[in-house]
Asks: 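Sharing a structure below in structure tokens format, with a few things to ask.
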Amino acid sequence: MALSRKQAAGYGLTLAAAWLGAVLSGFTAFARQVDLDAYDWIFRLLPPQPWRPEAALLTVDEPTLVSMGGLRRLREILAEGLERLIPAGPSVVAVDVTLADPGDPEADARLAAALSRTPQLVLASEMLPDGRDWQDPLPEFARWAAAVGHVHAAPDELDGVNRKIPLEKAAGRQRRWALAFEAFRMSRGGGPVVETPEEVQAGGRTIPARREDSRALAIRYLRPDPSGVTPLPRASVLELRRDPALAGLFRGKVVFVGVTAQSAARDRLVTPYSSSRPMPGVEIHANAFETLVQGRFLRPVSETATLGLCVAVAILAGLVFAFLAGWPAYAAAALLLLAVHTAPLIAFRQDLVLPFSLPVATAWLCAGAAASYQHFVVRRQLRRAEAEKRRYQQAVQFVTHEMRTPLTAIQGSSELMSRYSLSEEKRKQIAELIHNESRRLARMVETFLNVERLAAGQMELRREAFAARRLVEACLERVRPLAERKRIRIRIAELGEERLVGDQELMEYAVYNLLTNAVKYSPTDTEVTVSLTREGDSFRLSVRDQGIGMDEDEIKNIFHKFYRTRQAIASGESGAGIGLSLVEQIVVHHGGRVEVSSAPGKGSCFTLILPANASAIPQPQ
Ligand code: ADP
């Protein structure tokens, strides 16, 4: 639909406001939660192709603890587990148990001995609760470690779901890489770590992990099996004790050793897969390790790109409703909404994480705003078209009503002339009458059309200065014969030498109309008084009669087209009830107004109040 420049600007502003609203709503906790839920949903919907895992789990589970002496004897349990594991030939062993405090000397010695034989050992270090330092393994354990990694996850502040781990973490002056990362590095030969602000490189992998976000790595959790367990080769220490051959599972594997017993594992966290069954920390580390092995990293779409996408969505929504109308517009908008809803899915397939709420809110708000705007503009245009039609119908009615009288006169007179042989004088008289009536008709049509054009904004008001007195006198001249016929005296109370500015022809029509009404609606032998005075910044032109008058309710209606009072109809005077509505429009276009005071049977006074100052006339729009 074609929009005017003003409408286009309004449309643009509406869309911009909707876009801004969407962006602001994107900052709410609700929007964040929606994004997180959408992420989890897509995550579960689109798991990566299964692969052969490199990690394996050696667990201290509930039965192990129960039958091997409980947590108090954890170090012996660990030592036994390692002793049974080592002969199988694992490639790396990462122990997710903090070994910072001395325990039973005998147990510690046994564990240290087992560690000393463990190939490519990675030990765990935990940050002190105040975040100032690390709880490193005791030196007697640490001396056998090829690397020490931190064991912290990064559960979301909003819903506590663990979707990432920070690859690096600093406490005091010391920084530690994540246990999973160190295990990965060791499994790839233990080379150096190369860092840029955007990425980390190790073991031949470039990991997109920005320093700004503590090098957060989104974990690609393996899809759990139906019982909710991560499908990694695993055995508990107790199972190994019972069936030493099980150790074969761990050959060449990167083995994560840790506590999984529900009663003991403090580090269980919910993941996108496990809302009901939190995952033990050691399993989370193994999943993070597998993510590094896979090398299919999820990257967040940058904020700038997301905002850019939203701008594009807003513009598209705007174009849809600017160029289409009706159902094609709604169908196109529905397609746009569908595309926006599925965009995060498509992005996820490309390993990109696109927020869900912001583009979706933008699409809904902008499409809604665009549709409403267009709806109301269409409605307004429709109303305008209807008003034009009404005006046209009224014009037709006017022509049929108002013109019938002069036309009848012309018709009758011309018939007289053609039928009868008339005296020269009579013929001249009738010819003059025909001439006058036809001129009156022409003037009437012209005035009516001019006022209509003015009201429709298709015509500018002429602005000429003229003597008010001359105009009033000209009107009086025309109305006098009518007045004389009814023996109505016309008295001029005051006629100043003022000059008016405006459209002389239209003003003459207005004044003439008031005068003819005064004469028409007055009984014989009465008086009509005309006065033109100046009061401050305005002229007051009043026509007072001693006629039939009207009550308050009637006064309210007389400016409506085709309205006539009952007494006026009863008076037998011809009229179409259109003159005063034209008078009012003319005066309003001149920046003035009409005042009426009247009482039934007592007469009326119509006063035109016009600005003396020409600049008060409103400029055409
Ligand atoms: P018309 O005179 O052709 O009916 P107008 O629009 O000029 O149409 O006036 C509308 C109505 O206002 C008249 O029909 C009449 O009822 C009332 N009216 C106008 N002027 C007077 C007046 N001077 N005295 C009494 N009634 C009037």
Side-chain angles (χ1 to χ4, degrees), residues 443 447 451 461-550 552 554-555 558-559 568 573 579-618:
R443 221 175 20 239
T447 309
V451 174
L461 202 68
R462 260 189 276 161
R463 290 149 175 275
E464 51 202 352
F466 52 87
R469 184 195 189 101
R470 288 259 295 282
L471 180 133
V472 176
E473 279 171 355
C475 293
L476 286 174
E477 208 50 51
R478 282 170 55 203
V479 88
R480 205 153 261 141
L482 201 67
E484 277 169 6
R485 223 175 294 153
K486 287 179 85 175
R487 293 200 304 276
I488 290 172
R489 269 190 313 123
I490 297 183
R491 196 167 71 83
I492 297 168
E494 197 180 339
L495 267 189
E497 288 298 332
E498 313 287 356
R499 288 179 78 73
L500 282 175
V501 174
D503 193 310
Q504 193 172 349
E505 219 171 277
L506 292 180
M507 282 310 295
E508 194 175 321
Y509 176 88
V511 175
Y512 178 69
N513 217 281
L514 295 187
L515 286 171
T516 44
N517 277 353
V519 172
K520 262 169 39 179
Y521 302 119
S522 293
T524 49
D525 293 315
T526 52
E527 191 176 76
V528 170
T529 313
V530 182
S531 83
L532 174 67
T533 54
R534 175 160 184 163
E535 259 176 41
D537 275 349
S538 50
F539 295 118
R540 296 176 71 87
L541 196 155
S542 68
V543 177
R544 182 185 294 279
D545 62 47
Q546 298 167 334
I548 55 177
M550 55 204 138
E552 287 290 316
E554 289 171 327
I555 293 177
I558 52 173
F559 293 104
E573 292 285 353
L580 279 184
S581 88
L582 298 187
V583 169
E584 190 185 37
Q585 284 187 54
I586 292 169
V587 174
V588 167
H589 275 95
H590 278 81
R593 65 198 155 87
V594 188
E595 254 178 31
V596 187
S597 63
S598 183
K602 295 224 170 83
S604 317
C605 180
F606 284 78
T607 309
L608 307 186
I609 298 158
L610 292 158
N613 187 348
S615 63
I617 300 179

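What's counted below: heavy atoms across the whole structure, side chains too, no hydrogens, waters or symmetry copies. In this text the structure is predicted, and so the values were computed from the model without any measurement.
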Asks: Can any side-chain N or O of Glu527 pair as donor or acceptor with the backbone N or O of Arg489 at less than 3.5 Å?
Replies: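 Not at all, since once roles are kept as given, no pair shorter than 3.5 Å links the two residues.
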Asks: Shortest non-hydrogen contact from Leu582 to Tyr509?
Replies: CD1-OH, 3.5 Å
Asks: Going from CD1 on Ile548 to OH on Tyr521, what distance comes out if it is rounded to the nearest 0.5 angstrom?
Replies: 7.0 Å
Asks: Could you check whether any side-chain heavy atom of Val479 comes within less than 4.5 Å of a side-chain heavy atom of Val528, counting everything from C-beta outward?
Replies: no
Asks: Apply the test side chain to side chain contact (heavy atoms under 4.5 Å, CB included) to residues Glu508 and Cys475: give CA-CA distance (whole Å), side-chain angles for both, the deciding distance (0.1 Å), then the verdict.
Replies: CA-CA 7 Å; Glu508 194 175 321; Cys475 293; 3.5 Å; yes
Asks: For Arg499, what residues pass the side chain to side chain donor-acceptor pair (under 3.5 Å) criterion, not counting sequence neighbours?
Replies: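 For Arg499 there are no side chain to side chain donor-acceptor pair (under 3.5 Å) partners, ignoring immediate neighbours.
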Asks: So, Gln504 side chain and Glu464 main chain: donor-acceptor pair closer than 3.5 Å or not?
Replies: no
Asks: Find the distance between OG1 (Thr524) and CD1 (Ile488) and round it off to the nearest 0.5 Å.
Replies: 7.5 Å
Asks: Hey, could you give me the CG/CZ distance between Leu476 and Arg469, rounded to the nearest 0.5 Å?
Replies: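 Spacing of CG (Leu476) from CZ (Arg469) equals 10.5 Å.
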Asks: Which heavy-atom pair separates Arg462 from Glu505 by the least distance, and what is that distance?
Replies: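 So the minimum-distance heavy-atom pair works out to NH2-OE1, 3.8 Å.
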Asks: With a 3.5 Å distance limit and no angle check, can you tell me whether Asp545 reaches the backbone of Ser604 through a side-chain donor-acceptor pair?
Replies: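 Confirmed, Asp545 side chain pairs with Ser604 backbone.
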Asks: Supply the atom-to-atom distance Leu608 CG to Ile586 CD1, rounded to the nearest 0.5 angstrom.
Replies: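 Output value for this atom pair is 9.5 Å.
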Asks: Between Leu500 and His590, is any pair of side-chain heavy atoms under 4.5 Å apart?
Replies: no
Asks: Heavy atoms only: give me the nearest Phe466-Asp503 pair and the separation to one decimal.
Replies: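 In terms of heavy atoms, the two residues are closest at CE2-C, 4.3 Å.
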Asks: Identify the heavy atoms of Lys520 and Lys486 that sit nearest to each other, and give their distance.
Replies: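 Here Lys520 and Lys486 meet closest at O-NZ, 2.9 Å.
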Asks: Roughly how far apart are Leu495 CG and Glu473 CD, rounded to 0.5 Å?
Replies: 6.0 Å
Asks: With side chain to side chain contact (heavy atoms under 4.5 Å, CB included) as the test, would you mind laying out the steps for Leu580 and Leu514 before giving the verdict?
Replies: CA-CA 8 Å; Leu580 279 184; Leu514 295 187; 3.9 Å; yes
Asks: Please check if atom NZ in Lys602 has more than 12 non-hydrogen atoms from other residues, nucleotides or ligands closer than 6.0 Å.
Replies: no
Asks: Out of curiosity, Ser597 OG to Arg544 CZ, how far, rounded to the nearest 0.5 Å?
Replies: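 Atom-to-atom, Ser597:OG and Arg544:CZ are 5.5 Å apart.
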Asks: Provide the closest heavy-atom pair for Val587 versus Ile609 in the form atom of the first, atom of the second, distance.
Replies: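 Closest heavy-atom pair between Val587 and Ile609: CG1-O, 4.3 Å.
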Asks: How about Arg593: does its CZ atom have over 12 heavy atoms from other parts shown lying under 6.0 Å from it?
Replies: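 Not buried by this count: 12 neighbours or fewer within 6.0 Å.
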Asks: Would you name the heavy atoms of Thr516 and Asn513 that are closest together and state the gap between them?
Replies: OG1-O, 2.9 Å
Asks: For residues 529-538, which side-chain N or O atoms pair as donor and acceptor with protein atoms under 3.5 Å away, sequence neighbours left out?
Replies:
unit_1 : atom_1 : unit_2 : atom_2 : d
Ser531 : OG     : Ser542 : OG     : 3.2
Arg534 : NE     : Gly536 : O      : 3.1
Ser538 : OG     : Glu535 : O      : 3.3

Asks: Answer yes or no: is there a side-chain heavy-atom contact under 4.5 Å between Val588 and Gln585?
Replies: no
Asks: Determine whether Phe559 and Val596 make a side-chain contact, defined as any pair of heavy atoms from C-beta on separated by less than 4.5 Å.
Replies: yes
Asks: May I ask you to check whether over 12 heavy atoms, not counting those of Arg480, lie within 6.0 Å of atom CZ?
Replies: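 Yes - once you tally the heavy atoms of other residues, nucleotides and ligands closer than 6.0 Å, there are more than 12.
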